[in-house]
Amino acid sequence: MATEGEPTDLVKVIHLMVLSFSWGMQVWVTFIAGFALVRQVTRHTFGLVQSKLFPLYFYCLMGSSVVSLAVYAVYHPRELLDWHESVQMGLYFSALIMASLNAQWFGPSATELMFQMREVEKEHGLGDQIGLGSQKEAYAKLKEQDPKYKAYRSTFGRYHGLSSLCNLIGFMCTTINLIYTAMNLSTI
């Protein structure tokens with residue numbers, strides 16, 4: 001294992017806590033919170049909650065990724081890395097890039113489009129029902145009748161899809177790093 005110096009116990013604990021915090025937050029936001037919330041509030045309330053939650057989520061991920069990458073890089077100099085450590089370094093860097101893309105580009109763009117769609121939906125009396133699946137016919141009809149709304153939905157779908165993809169890639173990177181770290185606790 002490559003080390004330029006041995007990390008202190010405090011550094012090891014901080015590194016593991018930051019990595020665990022990132023992973024736990026990703027599990028909660030990605031797989032639990034949205035599914036629980038979507039069945040309890042109206043469509044527009046759900047969008048408003050996401051517009052407030054996601055920037056904080058993405059910036060927390062970005063900060064956690066910076067700390068994890070920095071700690072790992074300090075104790076694993078590039079010149080001394082073996083193949084596995086290089087992969088892990090790449091995963092830390094990839095997680096940072098994915099969180100940054102979401103924080104700086106995909107998240108704000110999707111939120112802006114969501115608010116534009118919301119205004120059109122309000123004009124047509126939509127969005128105050130609970131659950132995303134209710135009134136599917138009304139949304140489909142609005143999409144057919146209003147080219148502006150159709151364009152918003154298409155662009156929103158693209159940004160939302162890219163944001164979800166970045167989030168899943170970041171989650172996989174964090175998961176693999178957490179597993180690797182757990183298997184090599186003495187060499188953090």
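Values in this document were obtained by computation on a predicted structure and should not be read as measured data.
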**Study point:** Considering all heavy atoms, the nearest Met62-Ala99 contact
**Key:** N-CB, 3.8 Å
Check your understanding: For the atom pair CD (Gln26) and CD1 (Ile32), what is the distance rounded to the nearest 0.5 Å?
Key -> 12.5 Å
Exercise for review: Spell out, yes or no, whether Ile176 and Leu16 are grouped together once hydrophobic residues are joined by side-chain heavy atoms under 4.5 Å, including indirect joins.
Suggested key: no
Point to revise | Same apolar cluster (I L V M F W Y, side chains within < 4.5 Å links), Phe93/Ile179 | key: no
**Study point:** Thr174 OG1 to Ile169 CD1 distance, which is reported to the nearest 0.5 Å
**Key:** 11.5 Å
Review point. Under 3.5 Å, is there a donor-acceptor pair between the side chain of Ser51 and the main chain of Leu48?
Key: yes
Check your understanding: What pairs of residues pass the salt bridge (charged side-chain N to carboxylate O under 4.0 Å, His left out) test when at least one of them lies in residues 145-172, not counting sequence neighbours?
Key -> none
Point to revise | Least distance between heavy atoms, Tyr59 atom then Ala103 atom | key: OH-O, 3.6 Å
**Study point:** side-chain hydrogen bond (donor to acceptor under 3.5 Å, both in side chains) involving Asn167 - partner list, sequence neighbours excluded
**Key:** Thr30, Tyr57
Practice item. Take the angle between the ring planes of Phe171 and Phe31 and call it parallel below 30°, perpendicular above 60°, tilted in between. Key: perpendicular
Check your understanding: Between Phe106 and Tyr159, what is the ring plane arrangement, given parallel below 30°, perpendicular above 60°, and tilted in between?
Key -> tilted
Exercise for review: Kindly state whether the ring of Phe156 and the ring of Tyr152 have centres lying under 6.0 angstrom apart.
Suggested key: no
Point to revise | Between NE2 on residue His44 and CD on residue Gln129, distance to nearest 0.5 Å | key: 7.5 Å
Exercise for review: Please check if the side chain of Thr111 supplies one atom and the backbone of Gly107 the other of a donor-acceptor pair under 3.5 Å.
Suggested key: yes
Practice item. With rounding to the nearest 0.5 Å, note down the distance linking CZ in Arg78 to OG in Ser86. Key: 10.0 Å
Exercise for review: Flag yes if Met172 and Leu91 sit in one hydrophobic cluster, no otherwise; membership is Ile, Leu, Val, Met, Phe, Trp, Tyr, and two members link when side-chain heavy atoms are under 4.5 Å apart.
Suggested key: no
**Study point:** Verify same cluster id: Val71, Val87 (apolar side-chain graph, 4.5 Å)
**Key:** no
Point to revise | Summary of salt bridge (charged side-chain N to carboxylate O under 4.0 Å, His left out) pairs that have at least one residue in residues 95-123, sequence neighbours excluded | key: Arg43-Glu121
Exercise for review: To the nearest 0.5 Å, tell me how far Met89 CE sits from Tyr72 OH.
Suggested key: 6.0 Å
**Study point:** Close side-chain approach of Ser20 and Leu178, heavy atoms under 4.5 Å
**Key:** yes
Practice item. Would you check if the side chain of Glu85 reaches a backbone N or O of Asp82 as a donor-acceptor pair within less than 3.5 Å? Key: yes
Practice item. Using the rule that two of Ile, Leu, Val, Met, Phe, Trp, Tyr join whenever any of their side-chain heavy atoms come within less than 4.5 Å, decide whether Val67 and Leu56 are in one cluster. Key: no
Practice item. Quick one: pull up SG in Cys166 and CG in Leu61 and give me the separation to the nearest 0.5 Å. Key: 11.5 Å
